[in-house]
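Working notes for the structure below.
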Amino acid sequence: MVESGEAMLQTLDGMFATSSSSARQIALNAVTKTVMPGGIVQDHCLSMIANFKKAEDHRVTFEQEVKIDLLLQSLPDYFNQFKMNYNMNMLNLDLKLMHELESAEQSLVKQGSAFFVGESFGKPKGKPKGKKKNKKKKKSRIPVARPVAVK
């Protein structure tokens with residue numbers, strides 16, 4: 001007896017249910033546990049999109065609003081102002097979210113945010129606090145090579 005395509009898929013799914021289940025759990029875990037440790041927000045957004053795709057390949061479905069919420073949740077604290085603006089203004093940034101996050105990141109870099117100290121984004125501007133302005137510079141003790149007259 002020839003089985004229909006759907007029945008065959010159900011049979012195969014039953015045979016490999018444990019591996020399918022664990023793969024689904026791994027994909028779901030990647031979506032919910034991923035956080036942006038630093039780096040570029042665009043790379044993080046693309047990584048999250050890939051994680052959503054893997055989860056959806058294993059029959060985990062997310063509404064667009066849930067995807068955005070999970071993405072915002074995965075961002076570091078220096079995006080808190082952006083998150084608050086997003087939530088207060090009920091922004092509808094489904095398609096433009098990554099670009100808006102990139103703009104927010106660039107703005108934070110220009111401000112020299114303390115969160116970026118030691119990061120590759122930029123260095124804080126201005127003089128360090130607590131040092132006197134009129135301190136004399138110490139002379140370098142490294143000998144300087146001087147040209148010698150050739151006779």
**Study point:** Common cluster, I26/F52, ILVMFWY with side-chain heavy-atom separation under 4.5 Å
**Key:** no
Check your understanding: Does any non-hydrogen side-chain atom of F62 lie less than 4.5 Å from one of L28?
Key -> yes
Review point. Does some side-chain heavy atom of N80 sit less than 4.5 Å from a side-chain heavy atom of M84?
Key: no
Check your understanding: What closest approach, in Å, do P76 and K83 show between heavy atoms, and which atom pair accounts for it?
Key -> O-NZ, 4.1 Å
Practice item. Working to the nearest 0.5 Å, report the span between OG of S22 and CG of N29. Key: 12.0 Å
Check your understanding: Where is the tightest heavy-atom contact between V31 and M48, given as atom of each residue plus distance?
Key -> O-CE, 3.7 Å
Check your understanding: Do H44 and E105 have side-chain heavy atoms sitting under 4.5 Å apart?
Key -> no
Check your understanding: Distance from N87 atom CG to D69 atom CG, nearest 0.5 Å?
Key -> 7.5 Å
Point to revise | A30 backbone acceptor or donor facing T34 side chain under 3.5 Å | key: yes
Review point. Would you say the side chain of R59 lies within less than 4.5 Å of the side chain of S20, judging by non-hydrogen atoms?
Key: yes
Check your understanding: Can you check whether L71 reaches L101 side chain to side chain, under 4.5 Å on heavy atoms?
Key -> yes
Exercise for review: Fit a plane to each ring of F82 and F79, take the angle between them on a 0 to 90° scale, and name the class: parallel (under 30°), tilted (30 to 60°) or perpendicular (over 60°).
Suggested key: perpendicular
Point to revise | Separation between CD of Q64 and CD1 of I68, rounded to the nearest 0.5 Å | key: 5.0 Å
Review point. Quick one: OG on S21 to CZ on R24, what's the gap to the nearest 0.5 Å?
Key: 5.0 Å
